[in-house]
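Here is the structure we will look at.
Atom set for the values below is all heavy atoms of this structure, side chains included, hydrogens, waters and symmetry mates excluded. This structure is a prediction, so every number in the text was calculated from the model and none was measured. FYI, the numbering just counts along the sequence from 1.
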Amino acid sequence: MNPVTHFLTGWAVANCAPSLERKERAMVALACVIPDVDGLGAIVDLATRDSAHATEWFSRYHHQLHSLVFAILIAAICFVMAPRKWLTSFLVLLSFHLHLLEDLIGSRGPDGYQWPIPYLAPFSEAGKLMWGGQWRLNAWPNFAMTIVLLGLTFFLAWRRGFSPLEMVSERADQKFIETLRARFGAA
Ligand SMILES: [Zn+2]
């Protein structure tokens with residue numbers, strides 16, 4: 001699924017625990033995007049496309065970090081960094097796994113390829129996750145999910161007084177909340 005849908009999913013998970021602070025919410029939200037760093041090889045491929053040493057990092061490495069080991073590693077890093085250690089790492093694990101679930105149900109490539117998820121890599125090639133009913137990346141359920149999540153994000157921002165903008169600038173976030181509440185009334 002696309003990074004925006006993943007991010008908004010992670011943001012919804014981050015909002016499940018009202019006691020989390022800004023930094024912890026960011027960790028939980030980003031945990032739903034981070035597996036796709038293994039797709040960044042696409043940039044290298046693009047850069048080397050016309051050279052004598054064209055790479056194929058995307059097809060070789062994409063989905064290699066969609067694994068339990070990487071999930072545990074990320075959760076462990078968040079455990080060290082977060083004030084509310086157990087709660088944050090638990091939600092980080094949940095958020096990461098929702099990414100895998102979203103890929104499983106709706107990330108069939110334009111060529112029909114299913115990108116099996118090597119959940120037990122690098123220890124075992126067995127148990128790759130795949131689902132026969134998987135729909136395409138650009139299929140309508142993905143659009144519908146993104147719109148619902150976007151609506152939820154706006155609602156939560158209006159209600160709770162913070163939005164994903166807080167990850168970039170608290171001032172911009174406050175301005176955004178003021179605008180929302182001026183338009184839709186006080187929460
Ligand atoms: Zn993914």
Please check if the number of heavy atoms outside R136 that lie under 6.0 Å from its CZ is greater than 12.
yes
Distance check, rounded to the nearest 0.5 Å: D173 atom CG versus M167 atom CE?
11.0 Å
Does atom NZ of K175 have more than 12 heavy-atom neighbours, drawn from other residues, nucleotides or ligands, at distances under 6.0 Å?
no
Aromatic rings F162 and W11: how do their planes relate, parallel, tilted or perpendicular, breaks at 30° and 60°?
perpendicular
Parallel, tilted or perpendicular, judged at 30° and 60°: which one describes the rings of H62 and H66?
perpendicular
Give me the one residue out of K23, R171, R25 that meets side-chain hydrogen bond (donor to acceptor under 3.5 Å, both in side chains) with E166.
R25
Enclosure of W131 CH2 (heavy-atom neighbours >12, cutoff 6.0 Å)
yes
Parallel, tilted or perpendicular: which one describes the rings of W57 and Y61, with boundaries at 30° and 60°?
perpendicular
So with a 6.0 Å cut-off around CD of E56, is the heavy-atom count from everything else above 12?
no
Strictly by modelled atom types, are E102 and T5 linked by a side-chain donor-acceptor pair under 3.5 Å?
no
If you draw a 6.0 Å radius around CZ in R84, do more than 12 non-hydrogen atoms from other residues or ligands fall strictly inside?
yes
Tell me, yes or no, whether the heavy-atom count around F90 atom CZ, taken from other residues, nucleotides or ligands under 6.0 Å, exceeds 12.
no
